[in-house]
Amino acid sequence: MTPTTSDVSRFTRQQRLTQANEFTTVFNHGLRLGDRQLQLLCWSNNRVEARLGLVIGKKYLRRAVDRNRLKRQIRESFRGQQTRLKGLDIVVVLRADLAAKTNAQLRQQLQQGWEQVVQRCATC
RNA sequence: GAAGUCGGCCAGGCAAUCGCUGGGGGUGCAAACCCCUGGAGGAAAGUCCGGACUCCUGAGGGCGGGAUGCCAGGUAACGCCUGGGCGAUGUGAAUCGACGGAAAGUGCCACAGAAAAUAUACCGCCGAUGGCCGCAAGGCACAGGUAAGGGUGAAAUGGUGCGGUAAGAGCGCACCGCGUCGCUGGCAACAGUGGACGGCAGGGAAAACCCCAUCCGGAGCAAGGCCAAAUAGGGAAGCAACGGUGCGGCCCGCACCGCUUCCGGGUAGGCUGCUUGAGCCAGUGAGUGAUUACUGGCCCAGAGGAAUGGUUGCCCACGACAGAAUCCGGCUUAUCGGCUGACUUCCACU
RNA sequence: GCUCCCAUCGUCUAGUGGCCUAGGACACUGGCCUCUCACGCCGGGAACAGGGGUUCGAAACCCCUUGGGAGCG
C-alpha cells in the first residue's frame, strides 16, 4: 500500500489518549522520565502505534496562547519521532513555566526527552 | 506647513512543503484513503450589565431584596447608544460628569469652637431707655440690646453700597444673587423675562438609612434531552396522614416522602443541544442622529484532554495585545503600529 | 465553561467613616538578667493588594484592575 509511507508523519485521533482511565493507568504504572520542566510518563500499550497525552495546567502557563503553543510544539515533535516510540503510551506533564522559551529551544528539549524514552524503554 | 480633537477601517503579505479538523463528493464490505472547499478576535479576555434558549409548574399573589436615576428618542433588552439640557475643563475642535429628592421622616458631622442646626453668644460693640452721681458735658454699675468685627472649624444662616441706630441688624432702599407665581420659546429637561410677589424661607452628606419613579421569579449548556456497562441507590399505581424536604430569602401556593402491590429505571461512557443568526454586504427611502423600512445578493469556525499548526525562502512598515467552547447586544480592561475622513488653532503665501 | 468568595506587619488575626501615626499573639531584633542557653523583664522595626471616586476626613462606602481560593461532571 502506497499510503503507508505517509503514515510515518501522521498524527491522527487514534494516536491520542482520550479517556480518563487511559490517563490513570499511565499515571499509576508508567515509567517517570524527563527533566524538571517537562515530565514524561511511559507505559506499554500493546498496540502498534505510539500514543500521546498532554497535561498542560493553567498553574504554570496562565495564558491560553502559551499553552496552545506548547501543546502544538509537543505534538509536532512527537509526530516526527513516533516511529521510534512504537507501542508506548506517553503522557507529557508540564512542571514549570516555559513561556520564555522559543520554539527551537522547546524542540531541542523535547528531542532530548524522546531520546531518553527510547533508551530506557528499549528493553521493556 | 505645524500642533491637536473626534470618528471609521486593517491587524504582516506571497510561495513551497509536511500535518490537524468541519462540510461536500468519490473509491471501498468495512477500516481507511483521495479530491474540492471552510477553519480565532477586535478585543475571542474580565464575567460587569442586558437578552435569546432550556429546566424548575404554564412563573401566579404578597412581603422582603436588588438595580437604575436631568429630558427625549433608539432597541428584543440594557446600567448601552444617539440627540438635547445643565455643570466643569480647554483659545478652540471637543472632552468629562452615580446629574431625582435634604421645607416626608430618622440618624451622623471627631478635634476645635459660644454655637454643628430647635440655634446660640466666648472675646467684643453699645449701654439710647430705666437706676445712681453731677449745674452741665459726662461718668459708674446692673438690667438689657446686638451679631458689624475677632477667634474655631472642612463647613457658621446671601454680597456691595447708602440710609438708619446708643450700637447694630434685610430694619429700610438701590443694584446683584435666590425662591415662588405668571408670561414667552421648547414634546420635555430647561432657558429667557425692563412682569408680579417674597426679605431670603435657612450648612453638609442620600457612594447613611430612606422617600419618589421605573424595572426585575429562580437557576444556568457542567442548562436540558436521548441511548446505555459495572452495581442496587430507582420508577408507576393504590392507601394513610403528620411533620420534614425541595423551588429562590420568607409566607400563600405547588411538588416530593412512609407502607403495600407491580415492574423496570439509572452512574462511567457515548450521542444530542452545536451553530442560519435581533446575521453580513450593497443600493434606495425615512430620520440631525442612534436606528429603521424595502429590494437584491451571500453562508462566514464548530473543536471535544480540545483542530486552525511546523519548517523553509523572498518582500516590507520587522509584526503589539492576545486563542472561540451555547449564541447574540453592550460596557470595561490590554494593545506595536498603519491607512483614511471630518473639524479646530497657529504660521506663511496667493 | 458557569457560579461564587476572599485580600490588613514574615505568619495568624482585631478593627461597624474620626479614639488609627492601625491593636494583639507568635516570629525577628537590641538591651537587662545568667558562667552560658532557655525562661523572664524593658524597648525597637515591620502591614491596610493596586488605581480612581464619594466625603472636611476612607483600612472601612462605590467602581475598575490584579492576585489567591471554593463549588458545579
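Per chain, numbering begins at 1; letters A, B, ... match sequence-line order. This one's a predicted model, so the numbers in the text were calculated from it and none came from an experiment.
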[M] and [N], which share atom name [atom1], separated by this distance in whole Å:
N: rC242(B); M: rC247(B); atom1: P; value: 25 Å
N: rC56(B); M: rC254(B); atom1: C1'; value: 11 Å
N: rG17(C); M: rG71(C); atom1: C1'; value: 35 Å
N: rA32(B); M: rG304(B); atom1: P; value: 14 Å
N: rC221(B); M: rC55(B); atom1: C1'; value: 11 Å
N: rU160(B); M: rA189(B); atom1: C1'; value: 35 Å
N: rA230(B); M: rG246(B); atom1: P; value: 34 Å
N: rC183(B); M: rC210(B); atom1: P; value: 41 Å

Which way is the base of [N] turned, syn or anti, if we draw the line at 90° from 0?
N: rA44(B); answer: anti
N: rU275(B); answer: syn
N: rC300(B); answer: syn
N: rG329(B); answer: anti

Heavy-atom pair of closest approach, residues [X] and [Y]:
X: Leu98(A); Y: Leu94(A); answer: CD1-CD1, 3.7 Å
X: Arg75(A); Y: Phe11(A); answer: CD-CE2, 3.4 Å
X: Asp66(A); Y: Leu61(A); answer: O-CD1, 3.8 Å
X: Arg62(A); Y: Arg67(A); answer: O-NH1, 3.0 Å

Classify the side-chain pair Trp43(A)/Thr25(A) by whether it contains a donor and acceptor separated by less than 3.5 Å.
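Side-chain D/A pair, Trp43(A) to Thr25(A): absent.
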
Is there a donor-acceptor contact under 3.5 Å linking the side chains of Gln109(A) and Gln37(A)?
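A donor-acceptor contact under 3.5 Å links the two side chains.
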
Applying a 3.5 Å limit to both distances, which nucleotide forms a Watson-Crick or G-U wobble pair with [N]?
N: rG131(B); value: rC140(B)
N: rC187(B); value: none
N: rC280(B); value: rG297(B)
N: rA45(B); value: rU332(B)
N: rA30(B); value: none
N: rG69(B); value: rC212(B)
N: rG71(C); value: rC2(C)
N: rA241(B); value: none

Could you tell me the separation between the [atom1] atom of [X] and the [atom2] atom of [N], rounded to a whole number of Å?
X: Arg79(A); N: rA307(B); atom1: CZ; atom2: P; result: 15 Å
X: Lys71(A); N: rC20(B); atom1: NZ; atom2: P; result: 18 Å
X: Arg63(A); N: rA320(B); atom1: CZ; atom2: C1'; result: 11 Å
X: Gln81(A); N: rC18(B); atom1: CD; atom2: C1'; result: 15 Å
X: Asn103(A); N: rU312(B); atom1: CG; atom2: P; result: 10 Å
X: Gln105(A); N: rU311(B); atom1: CD; atom2: P; result: 13 Å
X: Gln15(A); N: rG19(B); atom1: CD; atom2: P; result: 12 Å
X: Leu94(A); N: rG305(B); atom1: CG; atom2: P; result: 19 Å

For RNA chain B, whose closest nucleotide is more 5', that of Asp66(A) or that of Glu76(A)?
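Here Glu76(A) is the residue nearer the 5' end.
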
In terms of the nearest nucleotide of RNA chain B, which residue is placed more toward the 5' end: Asn68(A) or Gln73(A)?
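It is Gln73(A) whose nearest nucleotide is closer to the 5' end.
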
How is [X] classified with respect to the nucleic acid when contacts are heavy atoms under 4.0 Å: base, sugar-phosphate, or nothing?
X: Ile56(A); answer: nothing
X: Arg75(A); answer: sugar-phosphate
X: Arg107(A); answer: sugar-phosphate
X: Glu22(A); answer: nothing

Nearest-0.5 Å distance, CG of residue Leu52(A) to CD of residue Gln81(A)
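These two atoms lie 12.5 Å from each other.
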
If stacking means aromatic ring centre less than 5.5 angstrom from the base's six-membered ring centre, planes under 30°, is Phe23(A) stacked on rG305(B)?
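Yes, the aromatic ring of Phe23(A) stacks with the base.
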
Criterion side-chain contact (heavy atoms from CB on, under 4.5 Å) against Leu106(A), the qualifying member of Gln111(A), Arg72(A), Lys101(A):
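Exactly one option meets the side-chain contact (heavy atoms from CB on, under 4.5 Å) with Leu106(A), and it is Lys101(A).
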
Nearest to the side chain of [X] - [options]?
X: Arg16(A); options: rG323(B), rA306(B), rG68(C); result: rA306(B)
X: Thr12(A); options: rC20(B), rA32(B), rA306(B); result: rC20(B)
X: Val65(A); options: rA322(B), rG309(B), rG310(B); result: rA322(B)
X: Lys58(A); options: rG68(C), rG323(B), rG1(C); result: rG1(C)
X: Arg72(A); options: rG19(B), rG67(C), rA40(B); result: rA40(B)
X: Arg10(A); options: rC20(B), rG323(B), rG304(B); result: rC20(B)

Could you work out, with side-chain contact (heavy atoms from CB on, under 4.5 Å) as the rule, every residue matching Arg95(A), not counting sequence neighbours?
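With neighbours one apart ignored, the set is Gln39(A), Val93(A).
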
Record whether the side chain of Arg13(A) comes under 3.5 Å of the base of rG305(B) through a donor-acceptor pair of N or O atoms.
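In this structure, the two groups form no donor-acceptor pair.
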
